[in-house]
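Following: one structure in C-alpha cells, then a few remarks.
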Amino acid sequence: MQEEPLAFGEIYRLLEQQRQNLRLKENQLEFRHEKDEFSLLMHLDEVFPEDFLELISIAKRFKENWRIHTYEKGYLSLQALNNNLFSTEGLFEQIKIRLSALGTEKQLEIRKRGNPTQSEISLINALVRAFVARKKNENPLEQLRSAGCQIFLPQETHLTLEDFAGYEEVKNQIMETIILPLLHPEVYDSITHKTRRHFETNRPRAVLFSGPPGVGKTTMAKIIGHEASYPLVYVPLENILSAYYGESSKRLAMIFDIAAQAPEKGLIIFLDEIDSLAPSRNEKLFEATRRMLSVLLRKIEGLESKTNYLTIGATNRPQDLDPALMSRFDTILEFPLPAEDDIIAMLALYARHLTQSEKAHLAKKMLGLSPRAIKDICKKAERKKAREIILEQKQEIVLPQLQDYLQALNSARANSSSF
Ligand SMILES: Nc1ncnc2c1ncn2[C@@H]1O[C@H](COP(=O)(O)OP(=O)(O)OP(=O)(O)O)[C@@H](O)[C@H]1O
Ligand SMILES: [Mg+2]
C-alpha cells in the first residue's frame, strides 16, 4: 500500500520538535518547502569516512531499495527506488540523500519532490539523530579513533620496561626525561612556579626517537604509555597522507585539536614515521606534505601550553627531517643497533633455555642485526622445531638448540640483503 505524504504543517511540527530535542540551532538544521520540493540541510562539524557506510545502513533500515547515484571520496548521493524494482513510476519523486565532506562544505542534505511520508520523516529523524550523536557524545579517544588513529590504552598494553632487553642507557634516559615527568608533573611544576617569574613548564613536550628499522622505537612508545598510565594515540602519518590526500593537513590539525580537548590527565601523541613529511620530489605530494608540516610545527608548539601532553615522533631518517621540525623536539633519543650485551639480554627473552655461553656465542654472530631481525630468527628456529615434532611424530617436546639458531641465522642472512 502506498503511504500518503504528510501535510507540510505536520512535517514542520515533527522536524521542529526534533530540532528542539537535539538542541540544534536554526542555522544548523534548516528545512523548507519551495516550488513543490521539500529540502532539509544539516550542517556538520565533521564527517568521518565511516559516516558514509553508516548513512547507507540507516537508509536501508527504512527503505529496501536504493540507488547510489554518486560515490566519491568524501561524497555520497543516494536515491530511493520503488519497492518494485522494475517499476519506474514516480521515480523522480523519490527521496534523495547526500552526504558531503568536500572542502568546507560538510553537510547532510535531503530532498524530495512533494512532501515526505511518515516513514520518510522517521528516516530523516534517524539520520539527523545519528549525525548529532556522533558530534556531541563521542569521547575524544573515540573521535581520534574515527580520525584514523589507533589508541593503546595503558591497561590494555602489558609491555613494560622489563620487556625491552638491553639498551640500559636509553632506558635510563627515558625514565629520567619522559616517564618521571609524566608520573609526577606536580613536582616539576612546583619548582618552576617558584623559579620563574612567569610560569612555563620545564617538562619535555616533544621527544624524537631516531634509529634504524626494527630497533624498538614503536615498542618503546607503547611501553611509555603503559608505564606512565597514559593512553597512546598512534598517528599513522603515512596513511593520513595517502588516504586523506588533499584533506590530510586538516585531518592532522583536527587530531591535535581533539587531543587538546581530551579531559583527564592527558595523553601521548605518537607520530610514527615522521619522515613521511620530508619534502617529496613528487609535486602533488610536496604540497600536501608541506601543509602537513606547517600544521605540525604549529600544533606541537600549541600543545606546549597544555600541561600533560607529550608528543613523540619516530624516524629512520633524521637527516631528511625539516630543521624547523627538528628544533621543536626538546630531546632526541638515539636507538642504535644492539651491542653484544644487548643481544645477550634479548636472547634471555627470546631463547631463555640456552646456556649463558651459548647465548654469548650466538650474540657475537648476530652483531649488526636489529632486535626485529633477532626476534624473527628465534621465531624461525622455534617454528622449524615445531614442524619437526609434528611431522616426525615425536613424543616429547624438543627445544631448538644453538645449532638450530645458527642455521636460522645463516639462512636469514643468505635470504635477505638487509642483514
Ligand atoms: N630491546 C628490545 N628487546 C626486546 N625486543 C625488542 C627490543 N627492541 C625491539 N624489539 C622487538 O622488535 C620488534 C620491532 O620493534 P619496533 O616495531 O618497535 O621497531 P621500530 O624501531 O619501531 O621499527 P620501524 O622503524 O621499522 O618502525 C618488536 O617485535 C619488538 O618487540
Ligand atoms: Mg615503528
Side-chain angles (χ1 to χ4, degrees), residues 148-152 154 156-175 178-179 206-228 232-242 268-278 310-321 329 331-354 359-360 362-363 366-383 405 408-409 412 416-419:
C149 301
Q150 244 177 306
I151 312 287
F152 296 93
E156 289 169 359
T157 321
H158 297 289
L159 284 169
T160 69
L161 279 174
E162 304 257 293
D163 302 305
F164 205 86
Y167 290 89
E168 295 308 325
E169 205 173 310
V170 175
K171 285 195 282 190
N172 283 341
Q173 252 182 309
I174 282 175
M175 196 66 203
I178 306 180
I179 299 182
V207 182
L208 183 66
F209 290 176
S210 157
V215 289
K217 301 179 296 295
T218 304
T219 308
M220 186 50 92
K222 291 182 191 163
I223 291 177
I224 293 171
H226 178 74
E227 292 276 357
L232 181 82
V233 180
Y234 179 100
V235 184
L237 289 175
E238 181 105 52
N239 273 1
I240 292 184
L241 197 58
S242 53
I268 300 172
I269 299 178
F270 183 54
L271 304 169
D272 209 1
E273 300 180 48
I274 203 166
D275 38 70
S276 50
L277 300 189
L310 174 69
T311 306
I312 301 180
T315 180
N316 300 326
R317 302 185 285 137
Q319 69 282 3
D320 290 352
L321 291 189
F329 294 101
T331 309
I332 298 178
L333 280 169
E334 299 283 348
F335 288 66
L337 286 174
E340 222 171 287
D341 282 353
D342 301 322
I343 302 182
I344 295 178
M346 240 162 262
L347 291 175
L349 290 183
Y350 300 130
R352 64 185 174 113
H353 61 295
L354 295 183
K359 280 184 229 149
L362 190 53
M366 285 178 154
L367 264 178
L369 296 187
S370 70
R372 176 181 291 139
I374 292 170
K375 195 173 169 182
D376 270 1
I377 285 165
C378 294
K379 215 186 301 176
K380 289 207 175 100
E382 290 165 7
R383 287 186 184 154
Y405 289 97
L409 170 63
S416 164
S417 53
S418 66
F419 283 152

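Atoms within each ligand, like the ligands themselves, are counted from 1 in listed order.
- Here side-chain hydrogen bond (donor to acceptor under 3.5 Å, both in side chains) pairs that include residues 160-171, with residues two or more places apart or in two chains, are T160-D163.
- Atom 2 (C) of ligand 1 has its nearest heavy-atom neighbour, among P212, A373, A165, P213, in A165.
- Atom 7 (C) of ligand 1 has its closest protein heavy atom at P371 CB, 3.6 Å.
- Taking every heavy atom of N316 and a limit of under 4.0 angstrom, the matching atoms of ligand 1 come to 25 (O).
- Looking at every heavy atom in both residues, P212 comes nearest to N316 through C-OD1, 3.8 Å.
- With a 4.0 Å heavy-atom cut-off, ligand 1 is reached by the backbone of R372 and by its side chain too.
- The closest donor-acceptor contact from the side chain of K217 to the backbone of G211 lies under 3.5 Å.
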Review point. Side chain to side chain contact (heavy atoms under 4.5 Å, CB included) between I178 and T331: does it pass, once the steps are laid out?
Key: CA-CA 10 Å; I178 306 180; T331 309; over 6 Å; no
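- For atom 20 (P) of ligand 1, the closest non-hydrogen atom on the protein side is K217 N, 3.5 Å.
- Residue nearest to atom 15 (O) of ligand 1, selected from D376, V215, T219, D163: T219 (by heavy-atom distance).
- Among pairs with a residue in residues 338-348, those fulfilling side-chain hydrogen bond (donor to acceptor under 3.5 Å, both in side chains) read E340-K364, at least two apart in sequence or across chains.
- Within the 4.5 Å cutoff, side-chain heavy atoms of D376 are placed close to those of K379.
- Around atom 4 (C) of ligand 1, the closest heavy atom drawn from Y350, F164, F209 belongs to Y350.
- T218 is linked by a side-chain hydrogen bond (donor to acceptor under 3.5 Å, both in side chains) to D272, counting only residues two or more places apart in sequence or in another chain.
- In this structure, atom 22 (O) of ligand 1 lies nearest to the protein heavy atom T218 OG1, 2.8 Å.
- For D342, no heavy-atom contact with ligand 1 is shorter than 4.0 Å.
- In this structure, K222 satisfies the cation-pi test against F152, with its NZ or CZ atom closer than 6.0 Å to the six-membered ring centre and inside 45 degrees of the ring normal.
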Practice item. Tell me, with the steps shown, if Y405 and L354 meet side chain to side chain contact (heavy atoms under 4.5 Å, CB included). Key: CA-CA 10 Å; Y405 289 97; L354 295 183; 4.0 Å; yes
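- For atom 31 (O) of ligand 1, the closest heavy atom belonging to the protein is K375 NZ, 3.3 Å.
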Practice item. Could you please spell out the steps behind the side chain to side chain contact (heavy atoms under 4.5 Å, CB included) verdict for L337 and L369? Key: CA-CA 7 Å; L337 286 174; L369 296 187; over 6 Å; no
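- Counting atoms of ligand 1 from 1 in the listed order, those under 4.0 Å from a heavy atom of M346 are 1 (N), 2 (C), 3 (N), 4 (C).
- The closest donor-acceptor contact from the side chain of E238 to the backbone of E273 lies at 3.5 Å or more, if one exists at all.
- Atom 19 (O) of ligand 1 has G216 N, 3.0 Å as its closest protein atom, hydrogens excluded (heavy atom only).
- Closest of all the heavy-atom pairs between L161 and E227 is N-OE2, 2.8 Å.
- Counting only protein N, O or S atoms, 1 lie closer than 2.8 Å to the Mg ion (ligand 2).
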Exercise for review: Any chance you could lay out the side chain to side chain contact (heavy atoms under 4.5 Å, CB included) test for R372 and V215, step after step, and finish with the verdict?
Suggested key: CA-CA 7 Å; R372 176 181 291 139; V215 289; over 6 Å; no
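- Contact atoms of ligand 1 toward Y167: 1 (N) (distance under 4.0 Å to a heavy atom of the residue).
- Look at G214 and you'll find a heavy atom under 4.0 Å from some atom of ligand 1.
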